[in-house]
Amino acid sequence: MITPRHHALSLTAVLLALVLGLIAGSGLLSRPVLAGMQSDKRDLRAQIDALHEQQSSLNERLSHANTFDAQMAPRMVRDTLRGKSAVIFRTPDAADDDVEAVTRTIGLAGGTVAGTVALTPQFVDGNAEEKLRVVLESGIVPAGGQLNAKLIDQGAQAADLLGLAVLINRNPTIAPADDSQRETVLAALRDTGFISYEHVGAANAAVVITGGGLAEDAGSSGVSVAQFASALAPHGSATVLAGRDGCAAGTAAVAVARANADISGAISTIDDVDVESGRITTVLAVSTLIEGGHPGQYGIGHGAGSVTLAQ
């Protein structure tokens with residue numbers, strides 16, 4: 001007779017045999033499995049090393065191309081802005097290197113930078129409408145100028161005022177603001193936290209320099225900058241919006257400008273101002289607009305019509 005105790009011992013023996021079998025089996029299989037995994041690891045490492053070599057080679061070639069463009073820049077832009085001037089507007093995320101390089105290239109083209117105006121985070125965030133409204137209604141609009149009542153975006157409204165104060169209209173019958181009027185407008189926007197600047201003179205063109213891609217929580221800053229650049233355009237002879245890698249994607253300023261037919265029809269955009277070719281293209285785009293050419297979208301990002309301008 002099989003007792004419960006005997007039955008329990010039998011089941012225990014069977015389970016123990018299964019466990020021992022699994023252990024033995026895994027030991028036998030571990031060698032080929034581990035060998036295969038080690039082989040896969042070596043293959044992946046070889047692929048990674050090859051990709052690193054390719055990246056290094058591409059970076060070296062890009063560096064050489066950038067150096068070549070820098071050396072050729074004086075020939076490429078020579079006299080394209082002779083006798084002309086530009087004011088640079090920089091957003092909070094604009095890189096110092098880009099601003100300095102565009103300033104230098106304008107000089108190589110025979111032009112002058114009438115000043116640099118830094119837009120503050122308060123400006124591009126678009127959350128200070130009431131404060132801006134007080135500035136706009138304070139009676140500081142330059143004599144003979146009139147604000148565009150159709151503009152509702154904060155960035156566009158501020159640009160409309162700045163355009164009247166800083167830019168020289170293409171129409172020679174429209175007199176530019178004098179030094180006193182220009183300083184009044186700039187000081188009012190500075191004192192209310194919208195901009196910072198040192199000395200800014202009158203200019204034929206505006207170059208708005210922005211950064212690259214924006215984070216998902218960046219809000220409407222890209223829209224604000226694009227609208228700002230667009231609202232400057234009617235007041236001068238040329239307006240160019242230039243950003244670095246990533247600016248033509250998502251909600252970044254250049255991407256917004258290119259997606260809006262009204263904006264892209266009023267200004268030129270550059271999406272690679274972080275490399276020498278983009279800086280050269282920025283200056284050539286300003287020159288083309290001053291000479292009466294049409295706006296264009298240049299660079300290597302989404303929405304670009306060509307890499308640069310044909311000369």
Side-chain angles (χ1 to χ4, degrees), residues 51 55 58-59 62 66 88-102 117-129 132 151-160 162 194-195 206-233 238-282 285-286 289 294-309:
L51 289 173
Q55 182 181 18
L58 289 173
N59 286 339
L62 179 60
N66 213 37
I88 292 177
F89 295 93
R90 59 175 300 171
T91 63
D93 60 342
D96 291 341
D97 287 348
D98 297 344
V99 175
E100 293 168 3
V102 170
V117 178
L119 310 182
T120 65
Q122 172 184 277
F123 189 111
V124 300
D125 287 346
N127 297 321
E129 293 90 346
L132 178 61
L151 299 176
I152 58 174
D153 178 84
Q154 175 184 304
Q157 291 176 331
D160 196 28
L162 282 166
F194 287 103
I195 65 171
V207 179
V208 182
I209 301 179
T210 187
L214 295 179
E216 293 182 359
D217 60 351
S220 61
S221 60
V223 174
S224 184
V225 172
Q227 294 282 5
F228 171 80
S230 177
L232 287 172
T239 299
V240 173
L241 172 61
R244 53 179 28 229
D245 183 36
C247 70
T251 60
V254 170
V256 172
R258 289 177 176 177
N260 186 307
D262 291 334
I263 299 179
S264 62
I267 67 173
S268 290
T269 62
I270 316 295
D271 64 42
D272 56 352
V273 77
D274 49 326
V275 295
E276 204 64 37
S277 59
R279 296 157 181 171
I280 293 170
T281 301
T282 298
V286 171
L289 290 174
H294 297 293
Q297 319 309 318
Y298 308 107
I300 57 177
H302 180 72
S306 61
V307 175
T308 188
L309 292 85

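As the structure is a prediction and not an experimental result, all values here were calculated from the model. Basis for what follows: all heavy atoms, side chains included, without hydrogens, waters or symmetry-related copies.
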Non-hydrogen atoms of P92 and P121 that approach each other most closely: CG-N, 3.6 Å
Pair V240-I267, side-chain contact (heavy atoms from CB on, under 4.5 Å): steps then yes or no: CA-CA 6 Å; V240 173; I267 67 173; over 6 Å; no
Set of salt bridge (Lys or Arg N to Asp or Glu O under 4.0 Å) partners for D96, sequence neighbours left out: R90
Q122: partners by side chain to side chain donor-acceptor pair (under 3.5 Å), with sequence neighbours left out: K131
Which atom of C247 lies closest to which atom of A252, heavy atoms considered: O-CB, 3.2 Å
Non-hydrogen atoms of V124 and S224 that approach each other most closely: O-CB, 3.4 Å
Atom pair CD1/CG of I195 and L119 - distance to nearest 0.5 Å: 8.0 Å
For V256, side-chain contact (heavy atoms from CB on, under 4.5 Å) partners two or more places apart: V223, A226
Those residues that, when tested against T308, pass side chain to side chain donor-acceptor pair (under 3.5 Å) (two or more places apart): T281
S221 side chain vs D125 backbone, donor-acceptor pair below 3.5 Å: no
Qualifying residues under side-chain contact (heavy atoms from CB on, under 4.5 Å), relative to S230, sequence neighbours excluded: I263, A266
Straight-line distance of L214 CG to D93 CG, nearest 0.5 Å: 6.5 Å
Residue pair L232 / A159: nearest heavy atoms and the distance that separates them: CD2-O, 3.5 Å
Euclidean distance, L132 CG relative to Q157 CD, rounded to 0.5 Å: 5.5 Å
Contact summary for D98 and R279, nearest pair of heavy atoms: OD1-NH2, 3.0 Å
Partners passing ring pair (Phe, Tyr, Trp, His ring centres under 6.0 Å) against F228 (at least two apart in sequence or in another chain): F89, F123
Interatomic spacing from CD1 in I300 to CG in D245 - rounded to 0.5 Å: 6.5 Å
Partners meeting side chain to side chain donor-acceptor pair (under 3.5 Å) with T282 (sequence neighbours left out): none
Pairs touching residues 250-263 that satisfy side-chain hydrogen bond (donor to acceptor under 3.5 Å, both in side chains), sequence neighbours left out: R258-T269, R258-D271
Verdict with reasoning, V225 to L241, per side-chain contact (heavy atoms from CB on, under 4.5 Å): CA-CA 9 Å; V225 172; L241 172 61; 4.1 Å; yes
Heavy-atom donor-acceptor pair, Q297 side chain to S264 backbone, under 3.5 Å: yes
I209 side, atom CD1; I270 side, atom CD1 - distance, nearest 0.5 Å: 11.0 Å
Counterpart residues, salt bridge (Lys or Arg N to Asp or Glu O under 4.0 Å), relative to D272 (two or more places apart): none
For V286 against A238, the heavy-atom pair lying closest together: O-CB, 3.7 Å
Residue pairs fulfilling salt bridge (Lys or Arg N to Asp or Glu O under 4.0 Å) with at least one residue in residues 295-309, sequence neighbours excluded: none
Results of side-chain contact (heavy atoms from CB on, under 4.5 Å) for A156 - residues two or more places apart only: L151, D153, Q227, A231
Side-chain donor/acceptor of S268 to backbone N/O of G296, under 3.5 Å: yes
